[in-house]
Every structure is written in C-alpha cells, then in structure tokens.
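Below, read A as the first sequence line, B as the second, and so on, with proteins coming before strands; counting in each chain starts at 1.
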There are 2 protein chains.
Amino acid sequence: MANIRQIAKLAGVSVSTVSRVLNGHPYVSADKRRAVEDVMARLNYSRNINAVHLLRGRTDMVGIMLPSINHPYFSRLVEGMSDEALDQGLRLVLCQTGYDENEERRALALVKEKQIDGLIVCSKSLGWSEIASYRSYGALVSCGEDAGERISSVYIDHYRSFETGMRHLLSKGHRKIGLCMSRYVSSSSERRRSAYLNALREIGEPCREAWTFYDCYDIESGADVMRRLKAMAERPTAMIVTGDQVAVGMMAEAGKHGWRVPEDLALMGLDNQPIAEVLGLTTIDNHLYEMGREALRMLRAELADPDDGRKRRRLEIACELIVRSTV
Amino acid sequence: MANIRQIAKLAGVSVSTVSRVLNGHPYVSADKRRAVEDVMARLNYSRNINAVHLLRGRTDMVGIMLPSINHPYFSRLVEGMSDEALDQGLRLVLCQTGYDENEERRALALVKEKQIDGLIVCSKSLGWSEIASYRSYGALVSCGEDAGERISSVYIDHYRSFETGMRHLLSKGHRKIGLCMSRYVSSSSERRRSAYLNALREIGEPCREAWTFYDCYDIESGADVMRRLKAMAERPTAMIVTGDQVAVGMMAEAGKHGWRVPEDLALMGLDNQPIAEVLGLTTIDNHLYEMGREALRMLRAELADPDDGRKRRRLEIACELIVRSTV
DNA sequence: ATGAAAGCGCTAACAC
DNA sequence: GTGTTAGCGCTTTCAT
C-alpha cells in the first residue's frame with residue numbers, strides 16, 4: 001500500500017505538496033498538482049485515514065447506544081440519525097448493549113479512547129451521573145428521555161404522552177383501563193406510570209395489579225398479554241400499551257378468539273409505526289425519525305463548541321395523538 | 001488528555017514499561033506495574049486507540065452496507081451480526097446507502113482508507129466486479145446472495161426458496177398465482193422470478209403482467225397492492241410475496257374489505273418475521289439472524305488469512321417452509 | 001509556491 | 001526486567 005512519501009518521491013515533489021493536493025489547498029502549481037495526481041492514480045493511492053484521525057484527535061464517527069437494533073422503535077430512530085449523519089459527514093457505530101451495564105461501559109470507553117467523537121444514548125441501565133462522567137472525553141446526547149442537568153437531550157415528555165393517551169381513553173368512556181409497558185425500572189416507564197396512575201386517581205378508579213404488565217417489547221409478548229387477559233374473570237375495557245408492535249400482537253390474538261377491537265377491548269398504542277396505520281390502531285406519534293435526526297444534529301452542535309460544556313441543550317419533541325379505530 | 005509519555009515520567013519508568021502494563025505483558029516487576037497503574041488511575045488515563053490503529057494497520061471495525069436499517073429484514077440481519085461482533089471483539093459501522101451507487105462507493109472507500117477492516121454487503125446496486133476490486137484493501141463478504149467467483153458469500157438460494165413456496169401453493173390447488181417483489185433489477189429478484197415463471201410453465205399457466213408487482217418493501221405497499229388487486233376483473237387466487245411485512249399489509253387491507261385469507265386470496269410470505277407467526281402467515285424462513293452471524297464469522301475468517309485471497313468461502317443458508325394458515 | 005522537519009500517541013525490536 | 005529509539009502515515013508550522 002503506497003504512502004504519501006512514495007507518491008512524493010515518484011512525483012518529484014515533497015510530501016507537503018502531496019498533502020496539499022490531497023486536501024485541495026491552493027498555492028500548488030498546476031503542473032505539480034498534475035504530476036501528483038498522475039502518480040496517485042497510477043499507484044491507486046488512498047490515504048490512510050487513521051493517521052489523520054490520530055493527528056486531528058477525532059474520527060468523525062459517533063456511537064449509538066441501544067439495547068437492540070431489531071426493534072422498530074430503535075431502527076426508526078437510527079434511520080433518522082443515519083440520514084442526518086450522511087448530511088453531516090459522520091459515520092455511525094452501532095453499540096448494542098441489551099441493557100447490560102458492562103456493555104454500556106464498553107460503549108462509553110469508545111469515546112474515552114477517542115474511537116468515536118461522541119455517543120448518542122438511546123437506552124441505558126447505568127445512572128446518568130456515571131454516563132455524564134465521560135462528558136470531558138467527548139460529546140454526549142440523550143435521545144428519547146430528558147437526562148437531567150448534565151447531559152444534552154432530545155426527548156419526549158413521557159408523562160404528557162401517556163396523559164394524552166389516557167385522556168382520549170377516558171373521553172370515550174373507559175374507566176377500567178389496563179397498562180402494558182416495557183421495563184419496570186426506567187425513567188420513561190416511571191413517568192408513564194405516573195400519568196396512568198394520576199388519570200385513574202382523578203376518576204376515582206383503583207389501580208389493579210393484575211391489569212399491569214411489564215417487559216413487553218414485541219409482538220409475541222402482546223399476544224401473550226392477551227391470553228392472560230382472556231383468562232381473567234374481571235377484565236379491563238381498554239389497554240394503554242407501550243409500543244405499537246405489542247398492541248398489534250394483542251389485536252392479532254384478540255382476533256383469534258373472536259374478540260372485537262374496540263368493542264370488547266379498546267387499544268391505545270404508542271409510536272405510530274407503519275403497521276399502526278395499516279391496522280387502524282389509535283396511537284401516539286412520537287416522531288421518532290425526526291427525533292433521531294435532531295439527536296444527531298444536537299451531537300454535532302456539542303462537537304462544535306467543546307469548551308462550552310456548561311450550556312446544556314434541550315429539545316422536546318412534541319407527541320401527537322393519532323385517532324384511528326381501536327379506541 | 002494525558003499521554004503515555006506523561007504517565008511514564010510520573011511513574012518514573014520508560015514508555016515501554018507503560019506500554020507493557022497497558023497491554024498486559026509479562027516481565028514487568030510488581031512494583032513498577034503498581035506505580036504505573038497508580039498514575040494511570042490518578043490521571044484517569046486512557047490510551048488513544050487511533051495511534052494503535054495507525055500502527056497495527058487495522059481498526060477492528062467492519063462496515064455493513066445496506067439500503068436502510070429500518071426494515072425488518074435488515075435489522076434482523078444486523079442483530080445477528082452485532083451479537084457475533086460482540087463475541088469477536090469487532091464493532092459495526094452502519095453504511096446506509098438507499099441503493100445509491102455513489103453512497104456504496106463511499107462505503108467501499110472506508111475500507112480503502114483503512115477506516116474499517118472489511119465490509120459486509122447486504123445490498124448493492126454496483127456490479128460485483130467493481131465491488132470485488134476493493135478486495136485487495138480489506139475483507140469483503142456478501143450476505144444474502146451468492147456473489148459469484150470473486151467474493152465470499154453467505155447466501156440464500158433464492159430460486160429454491162421461491163420454488164418451495166410455489167410448490168406449496170400448487171399443492172393446495174392454486175394455479176392463478178400472482179407475484180409481489182422488491183426491486184425489479186437485482187439478482188435475487190431474477191432468481192425468484194425464474195422460479196415463479198418455471199413453476200407456472202410447468203402447469204401450463206401464462207404469466208400475467210397485471211399480477212406481478214414490484215418495488216414493494218413495506219406494509220403500506222402491501223396494502224396498496226391489495227387495493228389494485230381488488231380493482232381487477234380477473235384476479236389471482238394466491239400471491240407469493242417477497243417480505244412478510246408486505247404480505248401483512250395485504251392481509252390487513254384484505255380484512256378491511258371483508259376478504260378472507262386464504263379463501264378469497266391465499267398468501268405466501270417470505271422471511272418468517274415475528275409478525276408472521278402471530279398473524280398465522282404461511283411463509284419461508286430464511287434464518288436471517290443466523291445468516292447475519294455467519295456473515296460476520298466469515299468476514300472474521302477472511303480477515304484471518306489475508307494473503308490467501310484466492311480461496312473463496314461459501315455458505316448456503318437453507319430455507320424452510322413454515323406452513324401456517326394463509327395458504 | 002515549495003520543502004524540511006516536528007510531531008500526533010503508541011508499539012516493538014533491540015540493546016543492556 | 002527495563003529503557004532507547006525508530007517508525008506507523010499524515011498535517012502543519014516555519015523557512016525560503
């Protein structure tokens with residue numbers, strides 16, 4: 001593999017001249033430029049970007065921390081980031097963690113070691129303060145939830161989003177409402193739970209343990225929830241569900257048993273995934289694609305003013321109720 | 001940011017000793033090791049991995065070329081790669097191309113510039129020969145289709161997969177069968193089309209232009225196909241469909257119009273995505289997760305014997321008919 | 001307009 | 001066991 005010194009020698013110029021040509025600098029005479037370009041073409045030269053990275057102290061790569069890419073929530077988010085990254089000339093490094101703390105630390109280590117210039121945190125098990133301690137090594141952005149005082153965030157107001165969903169359910173006359181969520185312990189889950197509980201409290205309904213389900217991430221778990229619901233003596237008339245796929249799993253299983261939605265059970269989804277539209281699922285749109293784009297834009301801004309680490313950026317992505325036919 | 005020289009000075013040793021400690025080499029006295037580790041901890045030192053990359057000539061990162069991550073086919077594939085990458089100590093760099101040739105060239109350039117050690121090609125518009133010309137700069141693996149004589153491949157026999165699907169359709173008495181695919185021009189599409197056409201020929205049925213649809217990638221396009229089907233005077237009794245999401249879109253739209261599946265229209269999907277199971281879609285399992293893992297494993301093998309570039313690796317992933325209730 | 005030379009931070013061959 | 005030193009391939013002053 002040819003290097004810049006060989007190019008210089010063969011072209012009869014110095015390495016600096018080659019470097020100038022490489023980087024499109026002015027003040028290189030046309031004939032020398034030609035000579036250099038000829039040799040480069042002849043040797044099929046390409047510069048070793050790692051030397052540039054070492055010199056510049058950055059790599060123009062950013063990491064994306066998430067539990068798994070194979071989930072519509074995250075892949076939609078990453079699609080947005082990826083499109084924005086293209087515009088910004090950045091590359092994305094996938095850091096699948098499965099919510100494992102050590103895996104998260106390994107992702108953070110990438111910024112400490114300067115393999116990536118920054119990290120977008122889409123999911124985490126570690127506390128924000130441990131994450132924030134890497135702030136001095138590179139840019140950090142939280143995507144999806146407000147990370148508090150120390151980390152810039154593009155986020156959804158999860159309380160408001162569930163409040164909106166609950167209000168719609170109540171407006172349709174539902175009072176016996178069940179809840180279906182992903183992780184039990186997570187700040188977004190807690191905010192959603194509060195919104196749910198507060199709404200119930202307002203109408204004087206108790207919260208029934210049996211109607212709240214956790215660790216539901218995918219279609220299968222939705223189907224499973226439905227089966228458990230079916231086995232109950234007293235059932236809710238509506239469910240508010242984190243993630244459209246889970247709601248879709250419930251719809252599908254309901255259909256198998258001849259239950260009608262919303263007559264026998266109303267369903268409120270979350271995220272407004274494409275499948276929600278096709279199946280007519282009433283849901284809450286979190287504008288994931290735009291949120292992904294904005295997260296990357298924010299990271300870019302953080303990268304741009306490194307010394308100014310005190311000013312924290314925040315951007316709330318508004319959610320939007322999408323009324324269709326399952327409530 | 002501290003560097004190895006400062007650590008050495010403060011610990012009262014040479015840089016080589018620090019390097020030895022850093023890399024866990026033997027032959028370092030316990031007390032010096034301690035001294036070095038203390039200083040490292042005190043300065044919160046972390047080595048600059050870019051220097052290592054420059055020195056070693058590799059980065060332990062591999063690129064994944066695909067049109068978009070936000071599609072269940074690709075995200076399932078990448079999930080497998082990502083899990084395997086973790087085991088192998090490699091990182092994944094996302095290269096979303098949207099089938100754009102210049103974007104594909106930019107991805108290939110990453111291997112030429114040594115930013116990544118190799119590239120897994122999950123989709124491409126460029127010809128294989130242009131892609132293969134990058135073989136001398138790094139490892140290349142095709143994932144999903146057989147790339148011919150010059151590039152190692154983990155692949156599906158797309159002909160056989162559709163042949164299997166068609167056989168099943170025929171065995172259920174269908175003769176008027178429509179086709180729904182993604183890109184018109186692509187080697188996998190061509191092989192599937194041959195299988196489809198040959199099966200029709202065998203039973204003496206003509207191929208009807210009106211019953212073949214292209215550029216269907218997602219749920220919405222499935223719904224759209226269904227609407228077009230509905231408007232036809234003469235309709236197929238079954239459709240063989242590339243991608244379960246597309247088939248699901250068709251099912252959903254069929255339901256809206258009161259059509260029953262399979263009585264009014266039988267549906268054969270592809271990929272065996274989770275939603276296929278829940279909706280009872282008959283489909284062909286391509287074992288995408290395993291294919292992703294194997295692709296990464298193969299890339300790893302390519303990386304391991306760089307000088308031995310003539311021997312091409314191949315691994316066919318067998319497909320499997322999953323009979324459920326839509327045919 | 002061009003070149004010489006000093007690094008970026010690290011590893012490893014070599015000498016002791 | 002430990003230190004000295006020569007690079008890895010490039011960019012960028014600073015002279016000229």
Side-chain angles (χ1 to χ4, degrees), chain A residues 1-37 39-40 43-61 109-117 137-138 306, chain B residues 1-37 39-40 43-61 109-117 137-138 306:
Chain A
M1 224 90 316
N3 64 26
I4 201 177
R5 234 178 333 271
Q6 300 173 40
I7 303 293
K9 181 180 292 179
L10 289 174
V13 301
S14 72
V15 291
S16 352
T17 298
V18 177
S19 176
R20 289 188 186 102
V21 172
L22 224 36
N23 295 284
H25 284 219
Y27 306 130
V28 178
S29 66
D31 52 339
K32 298 224 175 198
R33 161 164 280 127
R34 268 290 307 274
V36 170
E37 281 166 348
V39 177
M40 280 181 177
L43 298 200
N44 198 9
Y45 170 81
S46 187
R47 77 175 168 184
N48 184 330
I49 200 78
N50 293 311
V52 181
H53 289 166
L54 173 58
L55 209 54
R56 291 214 202 296
R58 60 186 170 76
T59 59
D60 295 329
M61 306 180 95
L110 294 180
V111 1
K112 191 169 180 189
E113 291 182 318
K114 302 189 134 326
Q115 180 152 359
I116 54 183
D117 299 340
Y137 306 115
Chain B
M1 225 90 317
N3 65 27
I4 202 176
R5 237 179 331 270
Q6 299 173 41
I7 303 293
K9 181 180 292 179
L10 288 174
V13 301
S14 73
V15 291
S16 357
T17 299
V18 178
S19 176
R20 289 186 185 106
V21 171
L22 225 36
N23 295 285
H25 285 218
Y27 306 129
V28 179
S29 68
D31 51 341
K32 299 224 175 201
R33 162 164 278 129
R34 269 289 308 274
V36 169
E37 281 166 349
V39 177
M40 280 180 177
L43 297 201
N44 198 9
Y45 169 81
S46 187
R47 76 174 169 182
N48 184 330
I49 200 79
N50 293 311
V52 181
H53 289 166
L54 173 57
L55 209 54
R56 292 213 202 296
R58 59 186 171 78
T59 59
D60 295 329
M61 305 178 96
L110 293 181
V111 1
K112 190 169 181 190
E113 292 183 317
K114 301 191 134 326
Q115 179 153 358
I116 55 182
D117 299 341
Y137 306 115

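The interatomic distance linking A:L55 (CG) with C:dA6 (C1') rounds to 11 Å, in whole Å. The distance from atom CG of A:D31 to atom P of C:dA1 is 12 Å, rounded to the nearest whole Å. Across the protein-nucleic acid pair, A:L54 atom CG and C:dG9 atom P stand 7 Å apart, rounded to whole Å. One can place NE2 of B:H53 at 12 Å from P of C:dC10, the figure rounded to the nearest angstrom. The distance from atom CD1 of A:I4 to atom P of C:dG7 is 19 Å, rounded to the nearest whole Å. Rounding to whole angstrom units, NZ of residue A:K114 and P of C:dC10 are separated by 11 Å.
Nearest heavy-atom pair, A:G138 versus A:V111, reported as atom, atom and distance to 0.1 Å: N-CG2, 3.8 Å. Contact record, A:Y45 with B:K112: O-NZ, 4.0 Å, taken as the closest heavy-atom pair.
Taken to the nearest 0.5 Å, the CD atom of B:Q115 stands 11.0 Å off from the OG atom of A:S46. Atom CG of B:L22 and atom CD of B:E37 lie 10.0 Å apart (nearest 0.5 Å).
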- Item | Trace of the side chain to side chain contact (heavy atoms under 4.5 Å, CB included) decision for B:R47 with B:V18 | CA-CA 11 Å; B:R47 76 174 169 182; B:V18 178; over 6 Å; no

- Apply the test side chain to side chain contact (heavy atoms under 4.5 Å, CB included) to residues B:V36 and B:R33: give CA-CA distance (whole Å), side-chain angles for both, the deciding distance (0.1 Å), then the verdict. CA-CA 5 Å; B:V36 169; B:R33 162 164 278 129; 5.9 Å; no

- Query: Given B:R56 and B:D117, is the side chain to side chain contact (heavy atoms under 4.5 Å, CB included) satisfied, shown in steps?
  - Reply: CA-CA 11 Å; B:R56 292 213 202 296; B:D117 299 341; over 6 Å; no

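Residue contacts for A:R56: at a heavy-atom cut-off of 4.0 Å it reaches the sugar-phosphate backbone alone, with no base atom in range. Using a 4.0 Å heavy-atom cutoff across all strands shown, A:N50 reaches no nucleic acid atom at all. Within 4.0 Å of A:S19, counting heavy atoms only, lies at least one base atom of the nucleic acid.
Under the salt bridge (charged side-chain N to carboxylate O under 4.0 Å, His left out) criterion, A:R58 pairs with A:D60, not counting sequence neighbours.
For C:dC8, the OP1/OP2 oxygens have a side-chain nitrogen or oxygen of B:R5 closer than 4.0 Å. At least one side-chain nitrogen or oxygen of B:N3 sits closer than 4.0 Å to the OP1 or OP2 atom of C:dG9. Phosphate proximity of C:dC10 to B:Y45: present, with a side-chain N or O under 4.0 Å from OP1 or OP2. The phosphate of C:dG3 (OP1 or OP2) has a side-chain N or O of A:K32 nearer than 4.0 angstrom. Note on B:R20: every side-chain N or O is 4.0 Å or more away from OP1 and OP2 of C:dT11.
For DNA chain D, the outermost nucleotides in 5' to 3' order that have an atom under 4.0 Å from a heavy atom of chain B are D:dG1 to D:dG9.
Remark: the backbone N or O of A:K114 is paired with a side-chain donor or acceptor of B:N50 at under 3.5 angstrom. Side-chain atoms of B:T59 never come within 3.5 Å of backbone atoms of B:H53 as a donor-acceptor pair (strictly under, hydrogens ignored).
Within the structure, no pair that satisfies the salt bridge (charged side-chain N to carboxylate O under 4.0 Å, His left out) test touches residues 16-32 of chain B, not counting sequence neighbours.
In the helix from C:dA1-D:dT16 to C:dC16-D:dG1, the rotation axis of the first five pairs and that of the last five pairs differ in direction by 40°, rounded to 10 degrees.
Within a heavy-atom distance below 4.0 Å of DNA chain C, the residues of residues 10-18 of chain B found are B:S16.
Take the nearest nucleotide of DNA chain D for A:N23 and for B:P26: the residue whose nucleotide is more 5' is B:P26.
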Determine all donor-acceptor pairs shorter than 3.5 Å in which one atom belongs to a side chain in residues 2-10 of chain A; sequence neighbours excluded.
| unit_1 | atom_1 | unit_2 | atom_2 | d |
| --- | --- | --- | --- | --- |
| A:N3 | OD1 | A:R5 | N | 3.0 |
| A:N3 | OD1 | A:Q6 | N | 3.1 |

